[in-house]
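The structure appears below as structure tokens.
First the proteins, then the strands, lettered A, B, ... as listed; each starts at 1. Just so we're clear, the structure is a prediction, and the values are computed from it rather than from any experiment.
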Amino acid sequence: MHPSLHPLSEYKWEVPPSRRMTVPGTLFLTERLYRAGFDEKALEQIVNAASLPGRVEAVLAMPDIHCGYGLPIGGVLVTDSAEGVVSPGAVGYDINCGVRLLRTNLETQNLLEKREALLAALLSAVPTGVGAVQSEALSRREGNRVLREGAAALLRRGMAEREDLERTESSGSLPGAEDSLISDRAWERGSRQLGTLGAGNHFLEVQRVVEVYDPERARLWGLTQETLTIMVHTGSRGLGHQICTEALEKMERAARKYRFTLPDRELACAPADSPEGREYLAAMACGANFAWANRQAITHRLREVFSSLFGPRAALELVYDHGHNVVREEAHRIAAQKKLLLVHRKGATRAFPAGHSELPPRYSSTGQPVLIPGDMGRFSFVLAAAPTALQESFGSTCHGAGRLLSRNQAVKRAKGRSIEREMEEKGILLGCANRRTLEEESSEAYKDAGLVVEAVVGAGLSTLVCRLQPLLVVKG
DNA sequence: ATGTGC
């Protein structure tokens, strides 16, 4: 293991406070994952986050950690909501990027018979790739509703069901969103991007439940052996990117104004309880709401595609939707005291266990579903939030496989190969807007999501529910 | 991640 990591358990390691760190860094990690490939720069970024000004309560790293802008992807930064800072870099550019899982009522054979037609229909129904847009823009007036209300704004447009909102984290809407803070430039980027997938790691997958570990929870969530599911991974597209870009410029000025000594300018921040801090939170909430509406709009298109291909009885029912790039105010208990904290999760999933007051009634007895996408050639997982997640990680868990190779390294290793044929040999039909993306996103560019999941289960952050195998993949 | 970058 890394010389600066001290063991707390088989699954939990600590960087003791040194230099300017005010709290230790806690890494949820296994020897096996460490040996598979560890990002030295990510560790430095954890140390930086633990050195931020104001009251820092905790800095955590999930087992899928890798280097990001300011805070690593897989990082959790917890600050005091009154005396701490808020940092856009600790949320990331793709505000409320997240995952949604739908279950279908189709038989595997019905789907396989039409898989070529399904792939073509999906590619034409959901604009995919860098710069992907809709043919028509949403008016600013209609857009403001989306920014304020999130997925709920699609109810009146006939693109969402009440049940969808009941199965979306925070009902698909973060409070406190102020559309007046969104610049014309940001809205111009977003106005044609509602219902679009984007590029890179973002995908649409048709999957099959191939293993059930927890039959009772799986049954309650509508998942049994051979159930076909659809997983959607996307975020707030150019709109969220523009909100983050503008916030970072303002935060650099704010950090000077408040005379902060920053460990890294990418972690530019302002006191959470300052005009700059509050403004970022209100703009970030707009980005988060757009991301939820985006995944909901895609769901609507998927329902149209499935009913036209498989008939009106083909149903797509939402299992759950959660983000993994967001900061939110949460009440947590620390040493028997209740505190209001700002929990920045960047490439980390909120995981509230059974009985938590913020869970919708449907999940109050099972705990919240946690959706963990794997790479395109291997398995994805459905987990449940474990009761110990609250004290171990402020109710947080991992978000996916985690990158192992840089995009350039992955492209080099893909030279002279056909990724599509390799996937076909595994029984996976692949569609993609751009060849380079396929190479960047090859299976070997990622860690095995199974190892990441093993680590969060071992650490007591989540429990296993079922495993999903990809059958059809659409990549940006 | 991103109308991909000094």
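- Atom NE2 of A:His233 and atom P of B:dT2 are 10 Å apart (whole Å).
- Whole-Å rounding puts the A:Gln242 CD to B:dT2 P distance at 13 Å.
- Distance NE2 (A:His241) to P (B:dG5): 7 Å, rounded to an integer number of Å.
- Atom CZ of A:Arg407 is separated from atom P of B:dT2 by 9 Å (rounded to the nearest Å).
- Rounded to whole Å, the distance from OH on A:Tyr93 to P on B:dG5 is 9 Å.
- Within 4.0 Å of A:Arg185, counting heavy atoms only, lies at least one base atom of the nucleic acid.
- Taking A:Phe379 as the reference, nothing meets the ring-ring contact (aromatic ring centres under 6.0 Å, His included) condition, with sequence neighbours excluded.
- At the heavy-atom level, A:Glu440 lies nowhere under 4.0 Å from the strands shown.
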Can you give me every donor-acceptor pair (side chain of residues 60-74 of chain A, partner residue at least two apart or in another chain, under 3.5 Å) with its distance?
from: A:Asp64; atom 1: OD2; to: A:His399; atom 2: N; distance (Å): 2.9
from: A:Asp64; atom 1: OD2; to: A:His399; atom 2: ND1; distance (Å): 2.6
from: A:Asp64; atom 1: OD2; to: A:Gly400; atom 2: N; distance (Å): 2.9

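- A salt bridge does not link A:Glu439 to A:Lys415: none of the charged side-chain nitrogens sits closer than 4.0 Å to a carboxylate oxygen.
- Residue-level contact check: A:Gly235 touches neither bases nor backbone, having no heavy atom under 4.0 Å from any strand.
- A side-chain contact (heavy atoms from CB on, under 4.5 Å) with A:Leu77 holds for exactly one of A:Val85, A:Val343, A:Val56; it is A:Val56.
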